[in-house]
Every structure is written in structure tokens, then in C-alpha cells.
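Have a look at the structure below before the remarks.
For ligands, and for the atoms within them, numbers begin at 1 and follow the listed sequence.
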Amino acid sequence: MKNLLIFCVLLSMISCSGKKQENQHQQNVKIVKQSEMAALMLKMYEVNLENKSLILQGKQPQDFSKEFLKIHSATLTDPSDRNASFEGFSEFYLDTYQQLMTSSKDSLITNHNKTINSCIACHKTTCIGPIPRIKKLLISSN
Ligand code: HEC
């Protein structure tokens, strides 16, 4: 079981760096177009960074952006990433985000961290590259 996990992690590392090489290759041929999903992810990152600073100031995060629902339809750099598991993680992420929006003030930190952990959960199965960056969105309890 543990070996299988290590194998999966290695596999995703290989496929991630493989993608990078492919992108670099494409860059030589034509200007690389950022995928819709990559653009959406960067927006999600910005909003969650903003939420983190709002919560640290004791404020309620901004409203749920309908734009995030595009996670179900945005085109991916690698379209084969969109499978049943990806859809499951998308739902899980949207659920935790919606919980944060309706959260009471004293559970804002817990619910924010739940949201960020749902980003990380999906990234563990798709692309592990941005995980260290995403972890910076977590609010530590001390
Ligand atoms: C359902 C799976 C899933 C969830 C949930 C998810 N991601 Fe992603 N993320 C991906 C995939 C797949 C890519 C690669 C997108 C592409 O290249 O088309 C990506 C790319 C990224 C990137 C790199 C964008 C770039 O190209 O520079 C960042 C940063 C990122 N995600 C942050 C986040 C954050 C923050 C969250 C939570 C708020 C999140 N992700 C939730 C799957 C997910």
C-alpha cells in the first residue's frame, strides 16, 4: 500500500515535469496559451490569499464567486486530468468553500484551512508542483 502511494507520487512528479518540458518545447514553437483552468486556478489563489488576510483581521471573507463553478468546465492543459476523481475533488472544494461563506466567525480559520486542504487534496492527484505555494494559504493556529 505504501509502495503504491510512493509510486503514485513519483508518477505524478514525472507527469508534471513532463508537462513542463512539453510547455517549454511549445514555447519555442509558438507562444504558449495559458489554459482556462490555469487562469481560473490563479484567480482562486488570489481570492483565497485575500480571504486569509481578511480572516486574520477578524473579517468575513467575500462572497462566493460564481466564477469558481467554472472548475467543472474550464479547459485543462491536459484534458485527460478531468476524470471521475477530478470531478469529486471539484465538488469537495466547492462544498468546503461554500461552508466557509456561511461560517460563524469563530470557525472561520478552521473552515478556511479546510478549503485550502481541499485544494491540496486534488493537487496531490493531479499536479503536485504548486502544493508548496498553496500551503502558504493555510492559517497556522499559533
Ligand atoms: C479538482 C482539482 C483541483 C482543485 C480542487 C484545485 N486545483 Fe489547482 N490545479 C489543478 C490542475 C489540474 C491544475 C493545472 C491546470 C492546467 O494547467 O490546465 C492546477 C493548477 C493550479 C495552479 C498553477 C496555475 C499556473 O499555471 O500557474 C495553482 C497556483 C493552483 N492550481 C492553485 C489552486 C488553489 C489555491 C486551489 C484551491 C483554492 C486549487 N488550486 C484547487 C487541479 C485542482
Exercise for review: Please determine if S35 has a nitrogen or oxygen closer than 3.5 Å to a nitrogen or oxygen of ligand 1.
Suggested key: yes
Check your understanding: Can we say R82 and E87 salt-bridge, meaning some charged N sits less than 4.0 Å from an Asp/Glu carboxylate O?
Key -> yes
**Study point:** Which of the ligand 1 atoms, numbered from 1, are nearer than 4.0 Å to a heavy atom of M37
**Key:** 15 (C), 18 (O)
Practice item. Provide the number and element of each atom of ligand 1 under 4.0 Å from a heavy atom of L137. Key: 35 (C)
Review point. Yes or no on side chain to side chain contact (heavy atoms under 4.5 Å, CB included) for Y97 and N51, after CA distance, side-chain angles and deciding distance?
Key: CA-CA 11 Å; Y97 199 83; N51 286 351; 3.0 Å; yes
**Study point:** ligand 1-proximal atoms of N48, by part, heavy-atom distance under 4.0 Å
**Key:** side chain
**Study point:** ligand 1 to R133 polar contact by distance, N or O atoms, under 3.5 Å
**Key:** no
Point to revise | Option whose closest heavy atom lies nearest to atom 37 (C) of ligand 1, chosen from C119, S85, C122 | key: C119
Point to revise | Min side-chain heavy-atom separation M41-I71 under 4.5 Å | key: yes
Practice item. Mark yes or no for whether K124, through its side chain, and C119, through its backbone, hold a donor-acceptor pair below 3.5 Å. Key: no
Point to revise | Same apolar cluster (I L V M F W Y, side chains within < 4.5 Å links), I128/I120 | key: yes
Point to revise | Closest to atom 24 (C) of ligand 1 (judged by heavy-atom distance), picking from I131, L42, L40 | key: L42
Exercise for review: Begin with the C-alpha distance, continue with both residues' side-chain angles, and end with the deciding distance and a verdict on side chain to side chain contact (heavy atoms under 4.5 Å, CB included) for L108 and Q60.
Suggested key: CA-CA 8 Å; L108 280 177; Q60 198 88 21; 3.9 Å; yes
Exercise for review: Report yes or no: do S118 and T115 form a side-chain donor-acceptor pair below 3.5 Å?
Suggested key: no
Point to revise | Proximity of T115 to ligand 1 by residue part, where a heavy atom lies under 4.0 Å | key: neither
Point to revise | Atom indices of ligand 1 within 4.0 angstrom of T77 heavy atoms, with elements | key: 16 (C), 17 (O), 18 (O)
Point to revise | Numbered atoms and elements of ligand 1 in range of A38, under 4.0 angstrom, heavy atoms | key: 18 (O), 24 (C), 26 (O)
Review point. Counting heavy atoms only, which part of F86 comes closer than 4.0 Å to ligand 1: side chain, backbone, both or neither?
Key: both
Check your understanding: Atoms of ligand 1 less than 4.0 Å from M44 heavy atoms?
Key -> 36 (C), 37 (C), 38 (C), 39 (C), 41 (C)
Review point. Counting backbone and side chain alike, does Y45 bring an N/O/S atom below 2.8 Å of atom 8 (Fe) of ligand 1?
Key: no
Exercise for review: Number the atoms of ligand 1 from 1 as they appear, then name those within less than 4.0 Å of a heavy atom of D81, with their elements.
Suggested key: 12 (C)
Practice item. Using the side chain to side chain donor-acceptor pair (under 3.5 Å) rule, take S35 and T75 through it: C-alpha gap first, then chi angles, then the decisive distance, then the call. Key: CA-CA 6 Å; S35 73; T75 52; 5.9 Å; no
Point to revise | Separation between CG of L69 and CD of E67, rounded to the nearest 0.5 Å | key: 10.0 Å
Check your understanding: If you measure only the distance, is there a donor-acceptor pair under 3.5 Å linking the side chains of Y93 and N117?
Key -> no
Check your understanding: Just which atoms of ligand 1 are under 4.0 Å from any heavy atom in I134?
Key -> 32 (C), 33 (C)
Practice item. Would you name the N/O/S atom of H123 that lies closest to atom 8 (Fe) of ligand 1? Key: NE2
Check your understanding: Measuring from I109:CD1 to I55:CD1, what's the distance to the nearest 0.5 Å?
Key -> 7.5 Å
Practice item. Give a yes/no on ligand 1: does S90 have at least one heavy atom closer than 4.0 angstrom to it? Key: yes
